[in-house]
4 protein chains.
Amino acid sequence: MVEYRIDRGSGVPAYVQIVDQTERALRMGTLKVGDKLPTAREVVAATAINPNTVLRAYRDMEQAGLVELRRGLGTFVTRSLARPGAEGDSPLRREITDWTARARAAGLERADVLALVTAALDAYDDERDTHTPGDRERKKEDA
Amino acid sequence: MVEYRIDRGSGVPAYVQIVDQTERALRMGTLKVGDKLPTAREVVAATAINPNTVLRAYRDMEQAGLVELRRGLGTFVTRSLARPGAEGDSPLRREITDWTARARAAGLERADVLALVTAALDAYDDERDTHTPGDRERKKEDA
Amino acid sequence: MVEYRIDRGSGVPAYVQIVDQTERALRMGTLKVGDKLPTAREVVAATAINPNTVLRAYRDMEQAGLVELRRGLGTFVTRSLARPGAEGDSPLRREITDWTARARAAGLERADVLALVTAALDAYDDERDTHTPGDRERKKEDA
Amino acid sequence: MVEYRIDRGSGVPAYVQIVDQTERALRMGTLKVGDKLPTAREVVAATAINPNTVLRAYRDMEQAGLVELRRGLGTFVTRSLARPGAEGDSPLRREITDWTARARAAGLERADVLALVTAALDAYDDERDTHTPGDRERKKEDA
DNA sequence: GTGGTCTAGACCACT
DNA sequence: GTGGTCTAGACCACC
């Protein structure tokens, strides 16, 4: 079962945080097709945000084709975002888990780690853009 | 010079994106004390957002003690967030750059990479929480 | 400018009525790409429904790719649903206008007219289904 | 025998769709006084909605005086909504059947056809409103 | 002054 | 007891 953690005061709307965290769980395979999301009530109990806000997030994901809201039953995953290469026992995953642990142990904060990865992603994209001419764009997921 | 990229439609307020990206540059050392941020005019030209929105972000960072607005001159960095271990030639940085490139080359999207790192960070924190009792909290930067 | 008419008590959610009426205007060419929808405030003034309900409808249409909400500016049509054959001076349109007038003059109510057309649509679909075997389905727009 | 088709996802409550479709059949004469509606069980089998929802619709129609629920026997039509002019062999009906077929053959979708008719109805009402002063109102059946 | 988020709470639809 | 609509009103982001 997913557990949402809402950071009030991050400036990021609560419903966006729910959507992002759900998508992340889908990408990681933590959430699979058919799985049930926590009910709005459960999320409310766990996070102290308003039921309407939770439903807003669920509705958005429904329109995005990720989940299905069934009245009287709950909300269920209808599409997977899982990627080969991101499984729990993949080499890439073992490596990043190890690297992250070392980075944290070296005194880097969560934000530092994410900044490093973002910089690495940007570097990779810029590298590719340079070699393959075309319109240079970085895809969302930035903020 | 930092280059802001605003993702309209990410749901994240534009001024938050500016602050986040600036902080990231500070953590990475891309931006150092004394450096000048782009003028509102320049940001507007590059991103098509309203000057007031840029100024709002700069004012927020001034209040956070990160930058100083000198009227007629520009906005200047007053504090560093750089971390030892995150320098451009540090081993951690070389490793993550390499790993990211391999992950992307393996077909993972930007979002997948960030999801993997976030999961690794969560795993690390949970691990520590288990061994060292205390209030279990994950700090912002999550959404 | 579109003018929404909300039938409270029809059982159909107000935001659905707004979406339906907007789509209808798009199909008829009454609303064209670039046109501005009435502001939420204007709709509120004209229909006595809550601003949030209007915004809910506009947001839904934005996600459907029909309109774009620009903060501080308004809501604008981004996609046309106009169909060749449905223009104001097309033969089909002249014919239906004439037929409808005669039906109404003959004492049929609005609901009768719509029932007749729906029956005719059903008959047409059933006819086709009979001749071309396959899964028999009637598309939405039914309720 | 009527055959209900429920469009989940149209936003219109299922029980409203049942009532609407029944009324339409009454107006068209497809359903006559004394006719038996399908049992809740049959509707459930055909539409995969909950029996309670069907009963809710039947009860609403009973209160509206359209049908009578006889326990153990079924639900029966008690009132006609048929209109002279809408019979199966009336000229108006032949004309609209023909027109609809041509409209569909010309590439118009079901929704386009309904939009055209609605526009024609609106035009007719507006015309009359202009010539005969009074409160200008469009009756339900709109959404 | 535009759209946008969130809250609170009432009532409804559906299983 | 699930999700769903709507209202009212406060406050925010953006132009």
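Numbers restart at 1 for each chain; the letters A, B, ... are given by sequence-line order, proteins then strands. What you see below is based on every heavy atom in this structure, not just the backbone, and it leaves out hydrogens, waters and symmetry mates.
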First locate atom CG of L37(A), then atom CD of E42(A), and finally report the distance between them rounded to the nearest 0.5 Å.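 Reported to 0.5 Å precision, the distance equals 10.0 Å.
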Residue whose nearest DNA chain E nucleotide is more 5′ - R8(D) or P38(C): P38(C)
Nucleotide interval of DNA chain F bounded by contacts with chain B (heavy-atom cut-off, under 4.0 Å):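 With heavy atoms of chain B under 4.0 Å away, the range is dA13(F) to dC15(F).
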Atom of R27(A), atom of D112(B) and distance for their closest heavy-atom approach: NH1-OD1, 2.8 Å
Can you name the side-chain hydrogen bond (donor to acceptor under 3.5 Å, both in side chains) partners of Y58(C), sequence neighbours left out?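 Expected list: none.
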Tell me which donor-acceptor pairs under 3.5 Å the side chains of residues 28-36 of chain C have, and how far apart each pair is, sequence neighbours excluded?
residue: D35(C); atom: OD2; partner: K32(C); partner atom: N; Å: 2.8

For residues 70-78 of chain A, which residues have at least one heavy atom under 4.0 Å from DNA chain E?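 Those residues whose heavy atoms fall under 4.0 Å from DNA chain E, taken from residues 70-78 of chain A in numerical order, are R71(A), G72(A), L73(A).
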What residues from residues 46-59 of chain C pass a heavy-atom cutoff of under 4.0 Å to DNA chain F?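 Listed by number, they are I49(C), N50(C), N52(C), T53(C), R56(C).
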Tell me every residue that passes side-chain contact (heavy atoms from CB on, under 4.5 Å) with R41(A), counting only those two or more places apart in sequence or in another chain.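 So R41(A) forms a side-chain contact (heavy atoms from CB on, under 4.5 Å) with T39(A).
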Under the salt bridge (Lys or Arg N to Asp or Glu O under 4.0 Å) definition, can you give me all pairs with a residue in residues 44-57 of chain D, not counting sequence neighbours?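 As it turns out, the salt bridge (Lys or Arg N to Asp or Glu O under 4.0 Å) pairs with a partner in residues 44-57 of chain D, which skip direct neighbours, are R56(D)-D60(D).
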Under the side-chain contact (heavy atoms from CB on, under 4.5 Å) test, residues paired with A82(C) that sit two or more places apart: S80(C)
So, D20(C) side chain and Q17(C) main chain: donor-acceptor pair closer than 3.5 Å or not?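 Absent.
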Nearest-nucleotide comparison on DNA chain F, the residue closer to the 5′ end among R41(A) and G11(D):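 So the residue in question is R41(A).
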Residues in side-chain contact (heavy atoms from CB on, under 4.5 Å) contact with L66(A), at least two apart in sequence or another chain: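 Residues passing side-chain contact (heavy atoms from CB on, under 4.5 Å) with L66(A): E23(A), L26(A), M61(A), A64(A), R79(A), L81(A).
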What closest approach, in Å, do T78(A) and V67(A) show between heavy atoms, and which atom pair accounts for it?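 Reported closest heavy-atom pair: OG1-N, 3.4 Å.
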Sequence neighbours excluded, which residues qualify as side-chain contact (heavy atoms from CB on, under 4.5 Å) partners of R71(C)? none
For a quick test of reading the model, state the closest non-hydrogen atom pair linking L55(C) to A40(C) and the distance between them. CD2-CB, 4.1 Å
Who are the side-chain hydrogen bond (donor to acceptor under 3.5 Å, both in side chains) partners of T75(A), not counting sequence neighbours?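 Here no residue qualifies.
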Secondary-structure stems, DNA chain F, at least 3 Watson-Crick or G-U base pairs under 3.5 Å: E:1-14 with F:1-14
